[in-house]
Amino acid sequence: MAYKIGLVLDEERLKLIKGTELEKEIKDLFGGTLKMIEVEVTEEQAKILMQLFPRVRIDARGFVEETPVAFRKALYRSLINHRSKKDALEAILKDDKLLNEIKEMASKEDEYIPPP
Amino acid sequence: MNGMKLIINNPPPYGGKLVNNIDKKEQELKGSPVYDIKPEIDRKSGAPIRNVYREIMSICYGFFSPLDRFMTKEDVDSVLKYRRLPDGYIFPFPIIFDADKEKIKSMQLKEGDRLYLRLKGKPFAYIDVDEMWDFDPADLAVKTFGTPEKNSDALKKPLDEKHPGFSIYRNMSGFAIAGKVFIINEPKFKDPYSRFWYPPERSREEFLRRKWRTVIAHQTRNVPHTGHEHLMKEAAFMGDVEPCRGILVNAIVGAKRIGDFVDEAILEGHEAVNKYGYIKPERHMVSFTLWDMRYGAPLESLLHGIIRQNMGCTHHMFGRDHAAAGDYFDPYSTQELWINGLPSYGFDAPPYDVEKGLEIRPVNMQEFFYCPRCNEITYSETCGHSEAQRFSGSFVRGLIAEGVKPPSVIFRPEVYSAIVKWWRVFGYPFVNKKYLMQKEDELEVEVG
């Protein structure tokens, strides 16, 4: 079964996607109040993510939720670099050094996130 | 006249009488055996997972009526076999005061004695000891929830220590003290808990004052998104000759899991729904019950039915995957219990249609989502379009963690403000290790 990661696009993120082939992948949610790109996740990749980040879970919609913010930021950067949703996720999961950095940052996320 | 009665009213307490085990006369601890209440700790993670003071509060203030005690071996055997107390009243879970056997032995405590309990170092309660008995926590944990083989109508896979309720029973000491429990020194709730404290006697008085003849209960352990808000509004239409007059939000406050919303934000988030008129305050009130959730899905729903009937509610909403954690239970097992019964747990008929059954009525609801064609939040069983945009609590948590303010169509700005308020207090929008340790150290109360 395939799952998805929903990558939320704020104005800054949208800027770098506009004009690229990824633009047609942008989904309008909730009457256009939120924009998102959905990255497909295989069963195997979902398992890896759950092993890497114990809080990760699949919600009722089939979305992989509660990935660390550091992971989602890295996924977005990878998406911009690779211009392909499939390649973006694969590249992160292959890069042990990057994964270690994400895990390190994720452990700090559990301590403090600055309030708005 | 065909005798059909349409008008319904607040049901009596379950078992006929609210337990009120507050003994204001008893103050003397001098020279008597005294035991300090400590949090139960998960042996593997070191995290606090339960504090038995919450069970004492819920027994003594009548939330669990007719249960007025910590269970004897006979009580527990009856609960595990029939999901009923020996007198026939439904009760889904063993309620056990488990203690450090060596400490108790050193006190030379015996059956018939009074054991005084201290909370945060202060006199709090006592148990009139009827029985002291040993048990195997691993066996108890399995029997409490059942197995997929024996309970195939509800369980999909065996529970394990990742399940928070299983973990509570698995980590018990294996030595139980049974008997009636009384509070001698009523704790004072801290802010913001104090203004949401409606033990059953008080909630019933409040319903009377508000003229809430029919009240629907909403179980929560989450900050409300608009899906929850619509669930409350739509479910309330199930009344008798008119929609329910009141909606009671009853949050379960207890030991948390990492990543949950903090209890303070849950309560104030729900309060924001009525304070800012999304549901008018004349129709909506927020309350809580102290309980370290067992996440027993259909079993938990029985306890919810007992608690909310005792509080005076006529109806209870049950959604998909009610009070569950992980994918152990069939997500529709609670609704099945309340429609047809679950024979494997001893219910050949729904809990309101059995001897000594509950009088609270179920309102089983499906799903609310945003439909771009309707351009609004719609109900899965009535919206005829196929472009559902679903949102869950974890989706909203993801947005918040990433610094994105959730759009108002799925999350009210005032509810978000309640989260931000407590985010500033704790430095984190959700439960983290620091919050968990601090909460279980300081608890929700002060003891005078």
Side-chain angles (χ1 to χ4, degrees), chain A residues 1 3-14 26-39 46-47 49-51 53-77 102 105-116, chain B residues 45 162 226-227 257-260 319-321 325-327 331 367 369-377 387-411 416-417 419-436:
Chain A
M1 189 178 165
Y3 303 110
K4 289 174 182 175
I5 294 175
L7 210 51
V8 177
L9 304 172
D10 60 10
E11 281 181 18
E12 286 302 305
R13 285 182 178 180
L14 267 173
I26 296 174
K27 284 195 171 174
D28 264 342
L29 286 180
F30 313 123
T33 54
L34 208 62
K35 300 202 183 295
M36 182 177 275
I37 279 190
E38 292 175 356
V39 178
K47 274 185 195 160
L49 287 171
M50 283 192 258
Q51 278 165 4
F53 312 110
R55 276 224 305 280
V56 163
R57 51 187 290 274
I58 315 285
D59 76 4
R61 307 168 303 147
F63 275 65
V64 178
E65 291 292 355
E66 316 226 1
T67 50
V69 174
F71 172 79
R72 293 200 290 276
K73 282 183 178 165
L75 182 58
Y76 171 74
R77 283 194 301 271
I102 293 172
M105 283 187 277
S107 68
K108 285 176 190 147
E109 275 171 34
D110 285 348
E111 289 160 23
Y112 180 74
I113 299 178
Chain B
S45 67
K162 283 185 189 158
T226 52
R257 294 186 300 163
I258 302 287
D260 286 349
R320 183 188 177 276
D321 228 3
D327 55 356
E367 202 186 354
F369 49 70
Y370 179 83
C371 169
R373 292 272 293 280
C374 299
N375 193 23
E376 61 186 7
I377 306 291
E387 297 127 82
Q389 292 178 359
R390 292 180 168 79
F391 49 99
S392 63
S394 47
F395 170 74
V396 173
R397 278 197 294 272
L399 291 182
I400 292 170
E402 221 164 329
V404 177
K405 185 177 177 180
S408 59
V409 68
I410 63 164
F411 212 80
Y416 180 69
S417 296
I419 294 172
V420 173
K421 174 185 163 184
W422 291 100
W423 186 347
R424 291 192 174 128
V425 172
F426 298 118
Y428 199 72
F430 317 113
V431 171
N432 59 6
K433 204 171 173 192
K434 189 177 157 206
Y435 175 89
L436 187 67

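Labels below follow one simple rule: chain letters A, B, ... track the order of the sequence lines, proteins then strands, and each chain is numbered from 1. Everything numeric here is computed off the predicted structure, so don't read it as measured data.
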Max heavy-atom pair count under 4.5 Å with chain A, selected residue of B:Lys434, B:Arg397, B:Lys433: B:Arg397

Heavy-atom pairs under 4.5 Å with chain A, option from B:Ile410, B:Asn375, B:Val404 with the top count: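 Looking at each of B:Ile410, B:Asn375, B:Val404 in turn, B:Ile410 comes out on top.
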
Over 12 non-hydrogen atoms of neighbours within 6.0 angstrom of NZ in B:Lys421: yes

Winner by heavy-atom pair count (cut-off under 4.5 Å) against chain B, out of A:Thr67, A:Leu29, A:Val8: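 Heavy-atom pairs under 4.5 Å are most numerous for A:Leu29.
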
Heavy-atom pair count under 4.5 Å with chain B, highest-scoring of A:Pro68, A:Gly6, A:Pro114: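 Most heavy-atom pairs under 4.5 Å with chain B: A:Pro114.
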
Interface moiety of B:Ile258 toward chain A, non-hydrogen atoms closer than 4.5 Å: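 Backbone plus side chain of B:Ile258, per the 4.5 Å heavy-atom cut-off to chain A.
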
Atom group of B:Arg320 that falls short of 4.5 Å from chain A, counting heavy atoms: side chain

B:Phe411 and B:Phe391 aromatic centres sub-6.0 Å: no

A:Asp10, part contacting chain B, at a heavy-atom distance under 4.5 Å: neither

A:Phe63, part contacting chain B, at a heavy-atom distance under 4.5 Å: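 Neither part; nothing is under 4.5 Å.
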
Identified side-chain contact (heavy atoms from CB on, under 4.5 Å) counterpart of B:Tyr416 within the set B:Pro406, B:Pro429, B:Ser408: B:Pro406

Trace of the salt bridge (Lys or Arg N to Asp or Glu O under 4.0 Å) decision for B:Arg390 with A:Asp59: CA-CA 10 Å; B:Arg390 292 180 168 79; A:Asp59 76 4; over 6 Å; no

Parallel, tilted or perpendicular, as decided by the 30° and 60° cut-offs, for the rings of B:Phe430 and B:Tyr428: perpendicular

B:Trp423 side chain reached by A:Pro116 side chain, heavy atoms, under 4.5 Å: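 Yes, at least one pair of side-chain atoms sits under 4.5 Å.
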
